[in-house]
Amino acid sequence: MEYKFREIEEKWREKWKMDKVYKVDNPPSLIAAKPKFYVLDMFPYPSGAGLHVGHPLGYIASDIYSRYKRLKGFNVLHPMGFDSFGLPAEQYAIETGQHPATTTEKNIATFKSQLDKIGFCYDWEREVRTSDGDYYKWTQWLFLQLFNSYFCNTLQKARPIAELIKKYETSGAADFSSAEWLAFTKEEQADILMKRRLAFSAFGEVNWCEALGTVLANDEVVNGVSERGGHPVIKKKMRQWYLRITAYADRLLEGLEKVEFSDSMKEMQRNWIGKSEGAEMEFCLTPDPSPAGEGRKTPIQTAFKKVWPILKDLSRENRKEATRGEDILWQRLRGTQLESKVRRQHVIDNFIIDFAFLNEKLLIEVDGDYHNDEEQKNYDASRSAYLNELGYKVIRFGNREVENQIDAVISRIKKELTEAAPLSHGRGVGGEAIKVYTTRPDTIFGVDFLVLAPEHELVSRITSAEQKEKIEVYLTYVKSRSDRERMAEVKQITGCFTGAYAINPFDGKQIPIWIAEYVLAGYGTGAIMAVPCGDQRDFAFAKHFDIAITNIIGDHYNGTEANPTKDAILQHSGFLNGLRMKDAIGVAINKIEELGIGKRKVNYRMRDAGFSRQRYWGEPFPIIWEDGVAVPLNENDLPLELPFVEKYGPGPEGEGPLGNIEDWKKRKYETSTMPGYAGSSWYFLRYMDPKNTERFCDRNASDYWNQVDVYIGGTEHAVGHLLYSRMWTKVMYDLNLIGYDEPFKRLVNQGMIQGSSRFVYRIKGTDKFVSAGLKDGYEVDQLHVDVNIVDGTELDIKSFAKWKSDFINSEFILEDGKYICGVETEKMSKRYFNTVDPVLLTDKYGADTFRMYEMFLGPVEQSKPWDTKGIEGVHRFLRKLWRLFFDEVKGKLWTTEKATDAELKVLHKTIKKIESDTEQFSFNTAVSAFMISVNELNELKCNKKEILEQLLILLVPYAPHIAEELWHQLGHDGTILDAAYPTLQEKYLVETSKEYPVSINGKLRTTISMDVNTLQPEAEKLILENEVVQKWLEGKAPKKIIFVKGKMVNVVI
RNA sequence: GCCCAUGUGGCGGAAUUGGUAGACGCAGCAGACUCAAAAUCUGCCGUUCGCAAGGGCGUGAAGGUUCGAUUCCUUUCGUGGGCACCA
């Protein structure tokens, strides 16, 4: 009887499906109270390229583990689904016009059929897809929970926003009283609440490509231009949704203590969160007419005292009854859209001004038609003149101008703001201070210059007239650079002096202020104090621009490089002199706080998570914009379904494709959609209760299945997906929606399977291809060739000509009659022609072989190149196993004879090894152990059922089909999937003697067999009697004999 | 640049965590069976010196700790992943 894997595998897959052996029940229908176990894979994005051999690596590992746990008596949840929203489908739609829903559906069908051929134990009745309305209804619902919650700093947890509103109504807040809160307009209240919501809207910078009319990802921007088409890309401010993940920074850090992630994974998350402690402090500009701490801020109370009570109410009324023009302008000025803070209907002296930028002393009036009156014109002019006297600049726009040409109006205002009150050092305004964040306040006396991010709001205003031109040139350069480039290219030092100086508050030293691309606006305050003797980047910068360096660390600084030590004793450091730097940090912060120029501060590198995508194929936001206020949709109106679109191009002004739909715009729906990680942040819960129409997941189900016990996926998700889902889980926990605040108890990282690319070498300008070994003699182009037409490194020349029509007339220069290809390891990707379809392999060798071979390649956690060649060895092993049961000619071999001790020893050695390897996810060594076991049983000519059936159970997780078949051949009726896992009996493994390795001076020279119970004195005697040892001793006595019982011997001469 | 991982035969990898480096498999070589091929089986297989016995070298590189280092420490080089709109 032969091993007919095709028949066997198909038969059992059918049978298993019919019997629903993989169906998993939730309590209470679960009668026997088995312990639960939840094994989850990071779910795949169903790409059009289908599954390649890299994908199943983690799935096979989790499948093995799930089946193992099942054999061990657990109720195992091991689901699969699809992260089916995403950019590639949309990109494909743009190119081909096919709707993403259609292509996604097709891709999923392909994935599922591919997955099924590998024999996974998924309960497909629990499948979820993020792009299903039934699913994203709850993604939207959860978004609304985030929107309707805020982070209470006292309780350190999420609470309903209604509680905050109540607090504002009854006791107000730091910035306003309860009476003021009640007097605010609806919009003003909404703006204030938005600053606390966990899902909030604000203005943020994106990579904007005008030519493509779209927002680009960082890696789509290369050298300041778009990867596709090479069009210029600039930073643009747009309204975006964010998740306030920063509020959870500390809890995300603490949570790492109670999960089993690898240390490196935890380290990556910690670094991403980037918590640092230090101080935020201010440097005043020169000259500074006012003493520190006083009069630096423009007062907000600008009203003439006597008329204030009257005007106050009037201004409130005006705000509520704004003209259309005022309203349009307000929507474009408010919040964080501009760098500058604007106030509406603000009272200055005894006038009410429509819009006031107090810091910039710029006032804006929006006038109705009656202002064209001669009399009114005169009145307006005198009013402007009066305000000019007070130091304000007034600009006026007509109502119609605002209504019809809002963009022009905005750009005029921006220009005025930039030019307003330039604070060059000569002018003596001195009302500004530069805020820096530093973790090393102890080095304050070593500050030789300040560096601002080029985007810093003060840059335009502090630049001196002489430097203006240079700064502008530099700013243009920086605009063309991506953040990535700015951080990466450190060898190339760039920067520009602003012409302005700041004052070191401790010694009064004047410090030049520079801008440089290595300081990023998004980190800290966007400004740093540079200490060249202690920071290498600052040092390189100072050297490059010839800035004098102050040494505050004595001998620790050698003049050729910076020394970031914290152990030096400070010198030239005023009140810090003589202190060790470590100790000086606290002292410096105390002083800074005492002087009122700054404060102790904890800073996080992590930023709030951008949650808007200007795209189509994602979850719509359940939000309506009414007069600039975000109004959540009613729960009963969910899901807000993604509408059908004709075209997938961007909408107006950088909006997503939804912006093109008239009906959508008319209903004032948000036009951006949610990002990929929205659906994947909570999917692990939906698997527990996938069909629920009442809730995202029944509480009983989420309590029963609880956390994911083992989560398997790649390290590429280390900081994105994992942090987001951890945050969502914490929010859900805070809101009492679930009972635990970490989603994944244990994380196993799977390495990537890399492609092993093959190359052919074409002689330039010809159709001649030269074999790899001979290519050095020619000038050649290196071309990728499909790995599927190469056997090892030998090219199948016939298939090559057929592969691409270009190669039909190819000629070859061979070596030893073969064409040998070049080899390189690269990412597995269609464009490198190095992908291998698992179905090809399951068809040729069977699923069991394929599963075991994927595992045999190497440790799951490690990346390794794929090479199909070795699969034969594993296939041979399965056939060898089969031949322990059946002979091709003689038929049945297995017997019911009693097993010998030697056979039992092999079995129990295997049980021990397989069990511990499986438990530790060391599947490659487990496969080896199976091979060794079968080899040994072969040698012992063991065909005994007693041994073999136990071995089969061990094999189930790895090769379920063949195990089930042989199980039935041995005469069992039930499925082997629920058999009892073999129990290890140590008594069969006891050894009586040990072959000790004997080293002389650490070098192995011989071995001696001794009883395992031999102790040192007796062992020494035996060792010294040994011929080889005597030869090396040359009659001398050894200096020392090291004897480690059960391990080894070392003789030191 | 920063963070994380990783580097062992021709190739994938193993080594009970400081104790016999190269298990297991692929490829290769030699042989058995066969008319032949496939399949199967047996042997060899890091490198170097040697007829052999046996010896030298060897885990990216250079140092160090130790009776003993692939394993621990320092420095350094290469490769892979991540760096916030790929998923």
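Within every chain, numbering begins at 1; the chains are lettered A, B, ... in the order of the sequence lines, protein sequences first and strands thereafter. Since the model is a prediction, treat every value here as computed from it, not as a measurement. Computed over heavy atoms, backbone and side chain alike; hydrogens, waters and symmetry mates excluded.
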Walk me through it: do A:Ser922 and A:Thr925 pass the test side chain to side chain donor-acceptor pair (under 3.5 Å)?
-> CA-CA 6 Å; A:Ser922 180; A:Thr925 51; 2.6 Å; yes
May I ask you to evaluate whether A:Arg607 reaches the phosphate of B:rA84, defined as a side-chain N or O under 4.0 Å from OP1 or OP2?
-> no
Which base, if any, makes a Watson-Crick or G-U wobble pair with B:rU59, both distances under 3.5 Å?
-> none
Given that both distances must come in under 3.5 Å, which nucleotide forms a Watson-Crick or G-U wobble pair with B:rA53?
-> none
Starting at CD of A:Glu861 and ending at P of B:rG7, how long is that distance when rounded to a whole Å?
-> 12 Å
Should B:rA39 form a Watson-Crick or G-U wobble pair with both distances under 3.5 Å, which nucleotide is its partner?
-> none
What nucleotide among B:rC67, B:rU40, B:rU20 has an atom nearest to a side-chain atom of A:Arg876?
-> B:rU40
Which label fits B:rU34, syn or anti, where anti is any glycosidic angle not within 90° of 0?
-> anti
With a non-hydrogen cut-off below 4.0 angstrom, is A:Gln240 in contact with a base, only sugar-phosphate, or nothing?
-> base
Mind calculating the distance between CD (A:Gln269) and P (B:rC83) to the nearest angstrom?
-> 14 Å
Go through B:rG12, B:rC85, B:rA39 for me and flag the one nearest to the A:Arg879 side chain.
-> B:rA39
Step through it carefully: locate the ring centre of A:Phe541, locate the ring centre of A:Tyr518, and say whether they are under 6.0 Å apart.
-> yes
May I ask you to evaluate whether A:Arg270 reaches the phosphate of B:rC4, defined as a side-chain N or O under 4.0 Å from OP1 or OP2?
-> no
List for me each residue that meets ring-ring contact (aromatic ring centres under 6.0 Å, His included) alongside A:Tyr604, sequence neighbours excluded, and say none if there are none.
-> none
Indicate whether OP1 or OP2 belonging to B:rC67 is found under 4.0 Å from a side-chain N or O atom of A:Lys1047.
-> no
C1' spacing across the pair B:rU59 / B:rA23, given as an integer number of angstrom = 15 Å
Counting any heavy atom closer than 4.0 Å, what does A:Lys1045 reach on the DNA or RNA strands: base, sugar-phosphate only, or nothing?
-> nothing
If we take the C1' atom in both B:rC26 and B:rG18, what is their distance in whole Å?
-> 32 Å
Consider the side chain of A:Asn271, meaning its heavy atoms from C-beta on, and name the nucleotide among B:rC3, B:rA14, B:rG19 that approaches it most closely.
-> B:rC3
Straight-line distance of A:Phe850 CZ to A:Met852 CE, nearest 0.5 Å | 13.5 Å
Test item: A:Thr673 side-chain N/O and A:Arg615 main-chain N/O as donor-acceptor pair under 3.5 Å | yes
From B:rC85, B:rA23, B:rG81, nucleotide with atom closest to A:Glu716 side chain | B:rG81
CD of A:Glu854 versus C1' of B:rG13: gap in Å, rounded?
-> 15 Å
Verify the neighbour count for atom OH of A:Tyr92: are there more than 12 heavy atoms of other residues, nucleotides or ligands below 6.0 Å?
-> no
Any strand is fair game: report the nucleotide pairing with B:rG7 by Watson-Crick or G-U wobble, both distances under 3.5 Å, or none.
-> B:rC77
Taking B:rA87, B:rA84, B:rU20 as options, the one with an atom nearest any side-chain atom of A:His717 is B:rA87
Please check the phosphate of B:rG25 (OP1 and OP2 only) for any side-chain N or O of A:Asn935 closer than 4.0 Å.
-> yes
Go through B:rA14, B:rG12, B:rG80 for me and flag the one nearest to the A:Gln754 side chain.
-> B:rG80
When you measure from the side chain of A:Pro88, which nucleotide among B:rA87, B:rG80, B:rA23 comes out closest?
-> B:rA87
Please determine, for the side chain of A:Asn1050, which listed nucleotide (B:rC4, B:rU20, B:rG68) has the closest atom?
-> B:rG68
Taking only the side-chain nitrogens and oxygens of A:Arg1005, find out if one of them lies under 4.0 Å from OP1 or OP2 of B:rG55.
-> yes
Does A:Arg883 make a side-chain N or O approach to OP1 or OP2 of B:rC41 shorter than 4.0 Å?
-> yes
For the residue pair A:His721 and A:His717, does the interplanar ring angle fall in the parallel (under 30°), tilted (30 to 60°) or perpendicular (over 60°) class?
-> perpendicular
Among B:rC83, B:rC3, B:rG19, the one nearest any side-chain atom of A:Glu267 is B:rC3
When both distances are under 3.5 Å in a Watson-Crick or G-U wobble arrangement, the nucleotide paired with B:rA87 is none
Atom pair distance, as rounded to whole Å: CE in A:Met852 and C1' in B:rG13 = 16 Å
Determine: side-chain N/O of A:Asn924 to OP1/OP2 of B:rA14, distance under 4.0 Å, yes or no.
-> yes
Compare the minimum distances between each of B:rC24, B:rG82, B:rA27 and the side chain of A:Val719, then state the nucleotide with the smallest one.
-> B:rG82
B:rC67 OP1/OP2 closer than 4.0 Å to side-chain N/O of A:Asn1001 = no
Who is the Watson-Crick or G-U wobble partner of B:rC2, with both distances under 3.5 Å?
-> B:rG82
At under 4.0 Å, does any side-chain N or O of A:Trp241 touch on OP1 or OP2 of B:rC85?
-> no
